[in-house]
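Before any comments, here is the structure.
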Amino acid sequence: MSIRSNRKEEHLDLAKKFYQDEKPNSFDKMHLVRPALPETKVDLEAIKTTMFGKKIAAPFFINAMTGGSHRSYLINKELGRIANKTNIALALGSASILTKEPNLLDSFLIARQQDPDGALIANVNAKTSAEQAEKIVTELEADALQIHLNVVQEIAMPEGDRDFYWLDNLKKLRQKVTVPIIIKEVGFGLDRKTIRSLKNEGFKLYDVAGSGGTNFAQIENARNTNNVSYLNKIGLPTVISSLMAAKEQVKFTVSGGVRNPLDVFKGLCLGGKFVGISNVFLQALIQHDADYLQNLIEEWQYELACLLAIYGQNDLSSLTKIDKYYDLSLKNIIEQLL
Ligand code: FNR
């Protein structure tokens with residue numbers, strides 16, 4: 001197994017090791033006001049929406065995780081099958097490994113084969129060439145391309161990149177790639193200034209991937225001896241990053257630390273068009289099995305429809321109008337940054 005492939009397998013092991021069910025995060029400090037008389041009913045139709053022109057059963061999706069190793073082939077096969085059965089979108093893990101090891105294409109392609117008509121998002125790093133990224137998009141018949149910005153993760157890896165002049169390449173990617181591009185963090189949160197400057201360059205879609213869930217500084221620290229554990233704490237909480245994206249009036253996905261349907265609902269109320277879930281779904285699959293994950297996603301769909309009813313909504317169109325308030329510690333950050 002190559003070093004890169006081996007790293008993918010280690011990430012899977014460590015994502016399991018550090019997984020903490022219902023770990024507290026910024027969603028707990030955000031509250032919504034519900035009408036005691038909602039005049040609604042529970043209706044799965046109410047949560048249906050479209051993503052990149054494709055009809056999907058719910059506005060939450062399986063966010064980028066893996067590909068490029070034997071185990072990730074097996075995982076992507078199940079994720080593709082489950083995305084197809086539950087009719088939700090699926091983002092694959094970084095396919096940049098294919099630029100060095102094209103023989104690993106199958107570990108990504110298997111997901112598309114399992115879900116031929118579903119909404120599928122490819123993922124690359126910010127230094128992947130425009131030609132390579134477009135090739136990946138074509139091979140996977142991807143509906144969109146996530147480009148991840150992962151500076152903290154790279155620094156936490158002794159073998160990681162140390163040169164982060166990415167903007168010129170991002171501009172080339174934007175010119176060349178023929179599907180919508182989503183700029184994404186990996187769990188440390190997109191900040192307002194970055195969103196604003198990329199918006200000025202013409203980038204339209206963002207995935208905030210804030211802190212509160214999977215922590216890649218913690219994961220990389222555990223792989224290495226150069227312990228830089230202080231990096232574990234430098235992420236921007238998902239709620240804050242989402243408020244920043246909303247202020248910049250860009251279209252965005254909320255992700256990072258989404259643990260349950262209420263977090264999904266809160267993400268939508270913050271203005272996210274979609275909500276991404278990574279490790280919670282991965283752990284459902286690897287600590288249990290594919291049936292368990294499929295059931296979990298179906299339960300979340302039903303419970304999200306229940307939450308719409310609780311909060312007096314008949315569809316997804318007006319969730320940002322629901323009154324919200326924040327615990328003082330979060331309000332304090334909001335007042336300082338927004
Ligand atoms: C990830 N994540 C990720 N993100 C990305 O853009 N490209 C990638 O290749 C990966 N790989 C990856 C592997 C594993 C095992 C996990 C758990 C996660 C990050 C992921 O998409 C997400 O941004 C963070 O995990 C935060 O979301 P959760 O896990 O808190 O829901």
Side-chain angles (χ1 to χ4, degrees), residues 4-5 7-27 60-69 71-72 75-76 79 89-98 104 107-108 111 121-128 133 136 142 144-154 156-157 160 181-190 206-220 222-223 235-239 241-242 252-260 263-264 267 272 274-287 296 300:
R4 282 175 290 265
S5 219
R7 182 160 73 219
K8 305 268 181 175
E9 306 258 309
E10 285 180 10
H11 285 164
L12 291 169
D13 288 336
L14 292 166
K16 180 174 177 195
K17 180 174 174 198
F18 291 123
Y19 178 65
Q20 239 182 297
D21 195 20
E22 296 287 323
K23 184 172 74 168
N25 64 33
S26 59
F27 286 114
F60 64 85
F61 68 102
I62 307 169
N63 212 353
M65 280 180 286
T66 201
S69 70
R71 247 170 90 203
S72 59
I75 289 171
N76 282 342
L79 294 180
L90 167 64
L92 297 174
S94 175
S96 296
I97 191 170
L98 298 178
L104 296 170
S107 63
F108 297 91
I121 305 170
N123 181 300
V124 294
N125 64 31
K127 57 178 197 174
T128 305
I136 287 164
L145 178 69
Q146 290 177 334
I147 302 174
H148 66 261
L149 309 181
N150 66 335
V151 176
V152 184
Q153 181 188 8
E154 294 293 338
M157 286 193 263
I181 287 179
I182 304 159
I183 301 291
K184 176 182 180 297
E185 238 289 344
V186 299
F188 298 92
L190 292 177
Y206 299 84
D207 180 333
V208 302
S211 68
T214 304
N215 186 327
F216 261 96
Q218 191 182 34
I219 288 178
E220 298 301 350
R223 292 181 52 238
L236 201 53
T238 298
V239 170
S241 188
S242 301
F252 65 100
T253 294
V254 173
S255 76
V258 174
R259 304 155 297 182
N260 54 49
D263 291 346
V264 172
F274 305 103
V275 175
I277 298 103
S278 294
N279 208 15
V280 170
F281 285 169
L282 179 68
Q283 296 315 313
L285 178 64
I286 63 183
Q287 295 190 25
L296 184 74
W300 280 37

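Order of appearance sets the numbers: ligands from 1, and atoms from 1 within every ligand. The first residue in the sequence is number 1, and the count goes up from there.
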Expected rows: ligand 1 N/O, protein N/O, dist below 3.5 Å:
unit_1, atom_1, unit_2, atom_2, d
ligand 1, 2 (N), A64, O, 3.2
ligand 1, 4 (N), K184, NZ, 3.1
ligand 1, 6 (O), N123, ND2, 2.8
ligand 1, 6 (O), K184, NZ, 3.0
ligand 1, 7 (N), N123, OD1, 3.4
ligand 1, 7 (N), N123, ND2, 3.4
ligand 1, 9 (O), S94, N, 2.8
ligand 1, 11 (N), M65, O, 2.8
ligand 1, 21 (O), A64, O, 2.7
ligand 1, 21 (O), K184, NZ, 2.9
ligand 1, 21 (O), S278, OG, 3.3
ligand 1, 23 (O), K184, NZ, 3.0
ligand 1, 25 (O), T214, OG1, 3.4
ligand 1, 29 (O), T214, OG1, 2.5
ligand 1, 29 (O), N279, N, 3.0
ligand 1, 30 (O), T214, N, 3.0
ligand 1, 30 (O), G257, N, 2.8
ligand 1, 31 (O), S278, N, 3.0

*Test item: side-chain donor near acceptor, D207 and S255, under 3.5 Å*: yes

*How are the rings of F61 and F274 set to each other: parallel, tilted or perpendicular (split at 30° and 60°)?*
perpendicular

_In the structure I gave you, are the side-chain heavy atoms of L296 and F281 within less than 4.5 Å of one another anywhere?_
yes

*State plainly whether the residues R7 and E10 are in salt-bridge range, i.e. N to O under 4.0 Å.*
no

_CD1-CG distance between I121 and N63, expressed to the nearest 0.5 angstrom_ = 7.0 Å

*When you look at Q218 and N215, which way does the side-chain hydrogen bond (donor to acceptor under 3.5 Å, both in side chains) test go after all the steps?*
CA-CA 5 Å; Q218 191 182 34; N215 186 327; 5.1 Å; no

